[in-house]
Protein chains: 2
Amino acid sequence: MEQRIERIKKQLHSQSYKLTPQREATVRVLLEHEEDHLSAEDVYLLVKEKAPEIGLATVYRTLELLNELEVVDKINFGDGVSRYDLRKEGADHFHHHLVCIECGSVDEIQEDLLGDVEKVVEKDWNFKIKDHRLTFHGICHRCQEESGSNNKEHKESNQHVR
Amino acid sequence: MEQRIERIKKQLHSQSYKLTPQREATVRVLLEHEEDHLSAEDVYLLVKEKAPEIGLATVYRTLELLNELEVVDKINFGDGVSRYDLRKEGADHFHHHLVCIECGSVDEIQEDLLGDVEKVVEKDWNFKIKDHRLTFHGICHRCQEESGSNNKEHKESNQHVR
DNA sequence: AATCAAATTAGAATTATTATAAATTGATAA
DNA sequence: TTATCAATTTATAATAATTCTAATTTGATT
């Protein structure tokens with residue numbers, strides 16, 4: 001973890017930004033919740049535990065900065081809020097998401113999957129792809145297994161959406 | 001156009017909703033702007049021309065209703081607003097989008113493209129796919145052609161984003 | 001004409017996000 | 001160390017999108 005923070009710090013410095021205490025606390029929260037898809041508010045509340053004096057606007061600005069530096073990705077699942085997702089180091093493509101319409105959980109797919117599709121799009125539409133967003137909506141494996149039971153909640157990877 | 005409205009009317013009736021004048025005016029606007037990706041506000045302003053007494057809340061409610069009936073799809077390109085896109089009749093999959101990061105234009109891809117990918121996801125992740133969202137961000141064919149020139153604006157299919 | 005539910009309107013309320021102005025911090029150089 | 005200057009942060013106000021509420025209207029049915 002310290003090494004990743006160190007690398008992010010270098011990345012900031014290389015563009016003459018500083019890793020202030022507030023920014024570091026924010027990055028730590030993101031690293032500690034790598035599996036989740038936190039909203040700005042979520043991040044704010046978690047950062048407050050480490051650095052109670054931080055302001056919400058600072059969190060927003062930090063997330064925006066990290067987004068510009070491609071340390072995090074800003075995503076939107078259609079509920080009202082933006083969520084922020086740490087990029088896997090060395091990942092040159094953005095990962096995909098599986099959103100369960102039953103329980104609201106969000107799982108990630110790290111595999112590429114789109115290589116061939118992107119080739120087709122670049123060629124047939126003459127479109128130079130820089131990034132992509134792919135989200136599948138459906139029923140997750142957990143909700144399928146319990147078909148018949150009434151258990152509506154799962155313990156892990158739950159990111160409930162309004 | 002009249003036939004499509006007639007079919008939407010039937011669809012509403014089948015779920016015991018009515019095609020009120022306000023709803024009809026809204027549907028007409030959507031049909032007349034099938035190529036665009038209108039925000040609720042855009043729709044509201046256009047509907048006002050036909051039915052000046054309509055309220056913004058009604059437009060929101062109508063769009064939400066049409067979304068539930070899968071007549072329109074609610075999409076989100078990451079700017080602050082939701083956009084509403086008429087579903088192609090008979091299309092069992094949601095079309096994809098090409099968002100240009102230069103000029104802000106949004107083009108559509110009607111081709112499926114994801115068939116194989118979906119098979120893999122359903123099998124390997126045991127996820128029952130109901131819907132998907134795929135958006136590519138990059139440089140559109142128009143902006144590529146004019147590399148070198150300073151022309152920043154295009155006449156058609158422009159959906160500028162904040 | 002009476003009735004009842006669905007739909008609409010206007011406007012208030014909420015929620016997420018961004019902007020602003022004043023204060024603080026940190027690095028650098030005199 | 002102290003002065004200085006830009007970057008950053010804070011608190012708060014402002015904005016923008018969307019949803020809620022209460023009162024009213026509409027339409028179909030008795």
Side-chain angles (χ1 to χ4, degrees), chain A residues 8-27 29 37-48 50-69 72-84 159-162, chain B residues 8-9 11-27 29 37-48 50-69 71-84 159-162:
Chain A
I8 290 169
K9 188 173 180 177
K10 286 215 182 84
Q11 208 184 334
L12 283 164
H13 284 163
S14 77
Q15 321 232 1
S16 54
Y17 291 111
K18 305 171 204 170
L19 186 63
T20 63
Q22 293 87 339
R23 286 174 181 169
E24 181 171 336
T26 305
V27 170
V29 162
H37 301 83
L38 304 173
S39 67
E41 180 104 35
D42 294 336
V43 174
Y44 172 61
L45 293 175
L46 289 165
V47 174
K48 275 218 127 173
K50 288 186 204 302
E53 77 296 349
I54 202 171
L56 177 57
T58 300
V59 171
Y60 269 102
R61 260 179 286 114
T62 301
L63 291 172
E64 195 182 310
L65 178 61
L66 293 174
N67 185 50
E68 275 164 28
L69 297 178
V72 303
D73 282 300
K74 190 175 178 176
I75 43 176
N76 209 305
F77 292 128
D79 57 332
V81 294
S82 295
R83 295 172 186 279
Y84 298 85
Q159 288 294 320
H160 275 275
V161 145
R162 247 197 239 142
Chain B
I8 290 169
K9 189 174 180 177
Q11 208 183 335
L12 282 165
H13 284 163
S14 77
Q15 320 231 1
S16 55
Y17 292 112
K18 305 171 205 171
L19 186 63
T20 63
Q22 292 89 340
R23 286 175 181 169
E24 180 171 337
T26 305
V27 170
V29 162
H37 301 83
L38 304 174
S39 66
E41 180 104 34
D42 294 337
V43 174
Y44 172 60
L45 293 174
L46 289 165
V47 175
K48 275 219 127 172
K50 288 187 205 299
E53 77 295 349
I54 201 170
L56 176 56
T58 299
V59 172
Y60 270 104
R61 259 179 285 115
T62 302
L63 291 172
E64 196 182 309
L65 178 61
L66 293 173
N67 185 50
E68 275 164 27
L69 296 178
V71 172
V72 305
D73 282 300
K74 189 174 180 178
I75 45 178
N76 208 305
F77 292 130
D79 58 333
V81 294
S82 296
R83 295 172 185 281
Y84 298 84
Q159 288 293 322
H160 274 278
V161 144
R162 246 199 242 140

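First the proteins, then the strands, lettered A, B, ... as listed; each starts at 1. Note: hydrogens, waters and symmetry copies are ignored here, and every other heavy atom, side chains too, is used.
- In this structure, the side chains of A/E41 and A/V81 stay at 4.5 Å or more apart for every pair of heavy atoms.
- For residues 59-66 of chain B, proximity to DNA chain C is found at B/R61, defined as any non-hydrogen atom under 4.0 angstrom from a strand atom.
- Between B/L56 atom CG and C/dA10 atom C1' there is a gap of 11 Å when expressed in whole angstrom units.
- Atom NZ of B/K9 has 12 or fewer heavy atoms from other residues, nucleotides or ligands within 6.0 Å.
- Rounding to the nearest 0.5 angstrom, the gap separating the OH atom in A/Y17 from the CG atom in A/L66 is 10.5 Å.
- Atom-to-atom distance recorded for A/D73:CG and A/S82:OG is 12.0 Å, nearest 0.5 angstrom.
- Counting any heavy atom pair closer than 4.0 Å across all strands shown, B/I54 reaches sugar-phosphate atoms only and no base atom.
- Residues satisfying the side chain to side chain donor-acceptor pair (under 3.5 Å) criterion with B/Y44, sequence neighbours excluded, are B/K48.
- From A/L38, atom CG reaches atom CG of A/L45 across 10.0 Å, with rounding to the nearest 0.5 Å.
- Under a 3.5 Å cut-off, the side chain of B/Q11 and the backbone N or O of B/L69 do form a donor-acceptor pair.
- To the nearest angstrom, P of D/dA16 lies 16 Å from OH of B/Y44.
- Protein atom CG of A/D79 is 13 Å distant from nucleotide atom P of D/dT18, rounded to whole Å.
- Between A/T58 and D/dT10 there is a side-chain N or O to OP1 or OP2 distance below 4.0 Å.
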Residue pair A/L63, A/K74: steps toward the side-chain contact (heavy atoms from CB on, under 4.5 Å) verdict: CA-CA 8 Å; A/L63 291 172; A/K74 190 175 178 176; over 6 Å; no

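- In this structure, A/Q22 does not reach the C/dT25 phosphate: none of its side-chain N or O atoms is under 4.0 Å from OP1 or OP2.
- Side-chain contact between A/T62 and A/Q22 is absent, with no heavy-atom pair separated by less than 4.5 Å.
- Nearest-nucleotide positions on DNA chain D for B/S82 and B/P21 put B/S82 closer to the 5' end.
- Put simply, CG on B/D42 is 15 Å from P on D/dA16, counting in whole angstrom units.
- Between B/N76 atom CG and C/dA16 atom P there is a gap of 14 Å when expressed in whole angstrom units.
- Whole-Å rounding puts the A/N67 CG to C/dT17 C1' distance at 14 Å.
- In the set D/dT12, D/dC20, D/dT9, the nucleotide with an atom closest to the side chain of B/A57 is D/dC20.
- A close approach under 4.0 Å does occur between a side-chain nitrogen or oxygen of A/T20 and OP1 or OP2 of D/dT9.
- Scanning for side-chain contact (heavy atoms from CB on, under 4.5 Å) contacts around B/A57 gives B/R61, with sequence neighbours left out.
- Taking every heavy atom of residues 9-19 of chain A and every atom of DNA chain D, pairs under 4.0 Å involve A/Y17, A/K18, by number.
- Regarding B/L38, its CG atom lies at a distance of 13 Å from the P atom of D/dT18, rounded to whole Å.
- Remark: side-chain polar atoms of B/D42 are paired, donor with acceptor, to backbone N or O of B/S39 under 3.5 angstrom.
- Note on the helix from C/dA1-D/dT30 to C/dA30-D/dT1: angle between the axes of the first and last five pairs equals 0°, rounded to 10 degrees.
- A search for side-chain contact (heavy atoms from CB on, under 4.5 Å) contacts involving B/E53 returns B/A51, not counting sequence neighbours.
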